[in-house]
Every structure is written in C-alpha cells, then in structure tokens.
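Scroll down for the structure; my scribbles are underneath it.
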Amino acid sequence: MTTSMNISLPEALKRFAKERAERAGFSNPSDYVRDLIRQDRKRAEKEKLDQMLLEGLASGGATPLEAEEWGSIREDVLARVVELKAAKS
C-alpha cells in the first residue's frame, strides 16, 4: 500500500532534487526521494547488524574473524534481512 507524505523544501533543495532525479534517470523527484530513503534504511540496517556482531564478539568466547569471513557473514545476513522484508511486503 502506498500513502502520501508532503514535505516542505527550500527552493534550492527542490531544484537540486529535480536535477538529481533527472540525471539519475528517475521518473520524478518522488522516486528519487524514495530511493534515498531506501538507501538510508539499508545503511541503518547494516550499522545495526555491525553493532550486533561487534557486541557478540566483545561478549567473549569467539575466535576473531578474518576480514573476508566478516564480509561474507554480513552479506549473508543482509541478504536474509532483505528476503524477510520482501516477504512481509
């Protein structure tokens, strides 16, 4: 279900959003803003996951992971989160 949200922007930001939307190939500024919000949500989920993983490591008993292992685990978990969110939609 889609709902509306009206936001107020100074004229300079409105122009910027319109220009960015056109340059990035969005059909309108609303699509551009939706994409920005999705990207921010994904970033916040990644930060939360990283924090949870760090807390788990700090709790003791864990063997330190190599950077490649850490990235692989993070990618797997993020992919699963996206799947779960898509299933809810």
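Here the structure is a predicted model, which is why all the values come from computation and not from measurement. Note that the numbering runs from 1 along the sequence shown for the chain.
- When all heavy atoms are compared, the tightest approach of Ala21 to Tyr32 is CB-CB, 3.8 Å.
- Here Leu54 contributes atom CG and Leu49 contributes atom CG; the two are 9.5 Å apart, rounded to the nearest 0.5 Å.
- Going from atom CG of Asp76 over to atom CZ of Arg74 covers 11.5 Å, rounded to the nearest 0.5 Å.
- Between Glu45 and Val81, the closest heavy-atom pair is OE1-CG1, 3.9 Å.
- When all heavy atoms of Gly56 and Ser59 are compared, the closest pair comes out as O-OG, 2.6 Å.
- Taking 4.0 Å as the cut-off between side-chain N and carboxylate O, Glu83 and Arg80 count as a salt-bridged pair.
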Derivation of the side chain to side chain contact (heavy atoms under 4.5 Å, CB included) call for Gln51 and Lys48: CA-CA 5 Å; Gln51 183 60 37; Lys48 182 178 179 181; 5.7 Å; no
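- Shown here for Trp70 and Leu53, the closest heavy-atom pair between the two residues is CH2-CB, 3.1 Å.
- Cluster annotation: Ile73 and Leu78 are assigned to the same hydrophobic cluster (Ile/Leu/Val/Met/Phe/Trp/Tyr, side-chain heavy-atom contacts under 4.5 Å, transitive).
- The number of heavy-atom neighbours closer than 6.0 Å to CD of Gln39, taken from other residues, nucleotides and ligands shown, is above 12.
- Atom CZ of Arg15 and atom CG of Leu9 lie 11.5 Å apart (nearest 0.5 Å).
- Salt bridge annotation for Glu47-Arg43: present, with a cationic side-chain nitrogen under 4.0 angstrom from a carboxylate oxygen.
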Steps toward side chain to side chain contact (heavy atoms under 4.5 Å, CB included) verdict (Leu36, Asp40): CA-CA 6 Å; Leu36 290 175; Asp40 188 46; over 6 Å; no
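- The cluster map of Ile, Leu, Val, Met, Phe, Trp and Tyr, joined by side-chain heavy atoms under 4.5 Å apart, puts Met5 and Ile37 in different clusters.
- Formation of a donor-acceptor pair under 3.5 Å by the Glu19 side chain with backbone atoms of Phe16 is not found in this model.
- A distance of 10.5 Å separates NZ in Lys18 from CG in Asn28, rounded to the nearest 0.5 Å.
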